[in-house]
Amino acid sequence: ETEKTAVQQQEKPDLEDDFYEAVNYDLFQQWEIPADETSQNWFSIIEEQNEERLFQMIKEASEDKGAESGSDSYNIGAFYLTGMDTKARDRGGYGEAGHAFLEKVDQAQNVEELLKACLTFYREYGIGSLLRFSYELDGEDSGQNVLYLRAGDTGLSKEIWFSEDAVNQKQVELFQTYIQDLLKVSGLSEEEAASAGKEVAEMMKDLAEESLSVADQYDPQKTYNVYKASDIEKLFGGSVSSETLEEIFGISPDEKMIISDIGITKRVASFLKNENLELLKKYVKVNLYRNLSQYSDTKSHEVQQTYSNGANGLEEGESYERMISYSVQSNLGFQCGKLFCEKYFQEDTKSEIQSMIEQVAEVFENRLENMEWMSQETREQAIEKLQALDARIGYPDKWPQEDYELQLKRPEEGGLYVDNYMEIMHVQMDQIFQAKDEPVDKSEWDVYPQEANAYYDSSTNSITIHAGILQDRKSVV
């Protein structure tokens with residue numbers, strides 16, 4: 001209120017002194033700063049409006065009885081409704097795939113069997129803990145995908161585990177309690193959960209000690225370590241064979257493989273001994289419980305929310321209904337984005353923004369041509385790059401979901417929230433491994449169009465301006 005009053009008391013600036021403030025002066029005087037915010041701006045207003053629109057769209061999709069099975073609207077509705085079906089969630093627990101995996105973990109007689117179960121589960125559903133193999137953009141060749149190996153899950157960052165700061169130490173305590181509470185939900189007694197939770201937390205902290213710092217994670221000299229896939233046998237003392245990688249992932253022994261963190265990879269390898277089998281099983285289970293806590297039973301969900309609120313300093317979180325809506329938006333982002341753009345994005349906006357970009361590029365090119373300090377060779381390269389700039393406006397030319405089939409089930413079909421989540425993950429993993437040998441499609445979007453955002457991506461030489469930020473100003477006001 002004080003800030004609002006202070007703003008209103010300011011005199012309207014002249015256009016030549018502050019064009020933006022002068023043009024928007026009358027509007028700014030009408031704004032009220034929310035009690036839980038320190039300021040108000042267009043981004044926060046648009047984000048809030050977009051969130052409300054998406055929330056209402058998701059609810060409408062859940063009520064659409066005529067939606068075609070497998071369509072975007074149907075899948076959005078199915079995911080939301082099964083998320084809201086708390087009784088079914090409590091009956092279903094970790095879901096069909098989750099329970100089957102836990103059974104295989106229990107049955108593993110040695111580290112090799114445990115790792116094979118973990119790797120198979122990761123390939124199917126993208127949930128891993130000890131070792132994770134995936135194909136991602138090659139840091140040295142943005143036109144190709146390359147095999148990456150990532151090892152271990154530390155739960156918390158190295159900086160938090162070993163911090164002397166009181167706030168970070170509190171987060172460590174909250175995280176340890178979180179692990180123990182998840183183990184109690186899984187069926188362990190309080191004493192058993194405390195013991196197992198302590199062991200797993202100590203292992204995570206041990207791994208974190210050998211991991212890269214947050215700063216080093218941005219250093220390509222430390223994160224781009226080149227190996228061959230066949231090196232896996234030596235790295236992990238025979239616990240994983242080249243044959244296993246080829247069988248599960250289709251990885252050839254002579255493939256280039258990037259290890260993003262050598263320290264934690266070697267530390268994980270030191271744990272892969274049969275004498276540590278029971279500890280490894282506990283570690284794997286805890287990581288599954290953490291990954292599924294938002295989607296499995298309501299007790300796990302409550303435990304996860306308690307930890308999340310505590311770690312973020314919140315006394316009270318969002319309503320259950322809103323949390324399910326956020327989950328739908330997170331996991332079915334492009335499906336929500338397509339419905340959002342069809343309803344709220346004006347097509348003529350594309351041509352208007354394209355014209356603006358071309359005008360800016362023309363001015364920029366003229367400036368490049370007249371920069372005396374720039375060499376002719378550099379100037380030519382800069383102009384060539386500018387002329388090749390890809391402007392992505394509103395939403396992608398092709399929606400990602402057009403390349404795959406996704407069939408989620410509603411409650412009346414026996415659909416379960418965690419099973420629907422696993423189906424989404426399964427489809428995503430299939431997409432990754434089916435496209436592993438293909439050139440990178442640089443026209444693909446990796447951020448949802450309904451987000452209030454705009455950015456330049458150097459890896460694709462593209463500027464992206466989302467539909468979520470290209471709102472009709474009158475509708476926002």
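For this chain, numbers begin at 1 and follow the sequence in order.
- The environment of Glu412 atom CD is dense: over 12 non-hydrogen atoms of other residues, nucleotides or ligands sit within 6.0 angstrom.
- The closest side-chain donor-acceptor pair between Glu321 and Tyr80 falls under 3.5 angstrom.
- The side-chain hydrogen bond (donor to acceptor under 3.5 Å, both in side chains) test applied to Asp206 returns Arg267, not counting sequence neighbours.
- Judged by distance alone, the side chain of Tyr74 and the main-chain N or O of Lys409 form no donor-acceptor pair under 3.5 Å.
- In this structure Asp219 satisfies the side-chain hydrogen bond (donor to acceptor under 3.5 Å, both in side chains) test with no other residue, sequence neighbours excluded.
- Checked against salt bridge (Lys or Arg N to Asp or Glu O under 4.0 Å), Glu199 has the following partners two or more places apart in sequence or in another chain: Lys282.
- Here the side chain of Thr120 pairs a donor or acceptor atom with the backbone of Lys116 at under 3.5 angstrom.
- The aromatic rings of Tyr135 and Phe433 lie perpendicular to each other, with more than 60° between the two planes, well past the 30° mark.
- In terms of heavy-atom proximity, Gly95 sits nearest to Leu416 at CA-CD2, 4.1 Å.
- Around CD of Gln107, the count of heavy atoms belonging to other residues, nucleotides or ligands within 6.0 Å exceeds 12.
- A salt bridge links Arg322 to Glu51: at least one charged side-chain nitrogen sits closer than 4.0 Å to a carboxylate oxygen.
- Residues satisfying the salt bridge (Lys or Arg N to Asp or Glu O under 4.0 Å) criterion with Lys273, sequence neighbours excluded, are absent altogether.
- Every side-chain contact (heavy atoms from CB on, under 4.5 Å) that Gln434 has, sequence neighbours left out, goes to Asp430, Gln431.
- Take Gln428 and apply the side-chain contact (heavy atoms from CB on, under 4.5 Å) test, not counting sequence neighbours, and it matches Ile424, Met425.
- Among residue pairs with one or both ends in residues 168-188, those qualifying as salt bridge (Lys or Arg N to Asp or Glu O under 4.0 Å) are Asp181-Lys184; sequence neighbours excluded.
- Residue pairs that meet the salt bridge (Lys or Arg N to Asp or Glu O under 4.0 Å) test with at least one member in residues 288-307, sequence neighbours left out, are Asp153-Arg290.
- Partners of Tyr218 under the side-chain hydrogen bond (donor to acceptor under 3.5 Å, both in side chains) rule, at least two apart in sequence or in another chain, do not exist in this structure.
- Between His301 and Tyr320, the two ring planes are tilted [angle within 30° to 60°].
- The minimum heavy-atom distance between Gln450 and Gly337, with the atom names listed, is OE1-CA, 3.0 Å.
- The ring pair (Phe, Tyr, Trp, His ring centres under 6.0 Å) contacts involving residues 391-414 comprise Phe345-Tyr395, Tyr395-Trp399, where partners must be two or more places apart or lie in separate chains.
- Under 3.5 Å, the side chains of Ser163 and Asp165 contain no donor-acceptor pair of N or O atoms.
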Considering only distance and modelled atom types, tabulate donor-acceptor pairs under 3.5 Å from the side chains of residues 57-65, sequence neighbours left out.
| residue | atom | partner | partner atom | Å |
| --- | --- | --- | --- | --- |
| Ser62 | OG | Lys59 | O | 2.6 |
| Asp64 | OD1 | Gly66 | N | 3.0 |
| Asp64 | OD1 | Ala67 | N | 3.3 |

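- Side-chain contact check for Ser462 and Asp390: no donor-acceptor pair (N or O, by modelled atom type) lies under 3.5 Å.
- Under the side-chain hydrogen bond (donor to acceptor under 3.5 Å, both in side chains) criterion, Lys285 pairs with Asp106, sequence neighbours left out.
- Ring geometry for Tyr295 against Tyr417 counts as tilted: the plane angle lies between 30° and 60°, on a 0 to 90° scale.
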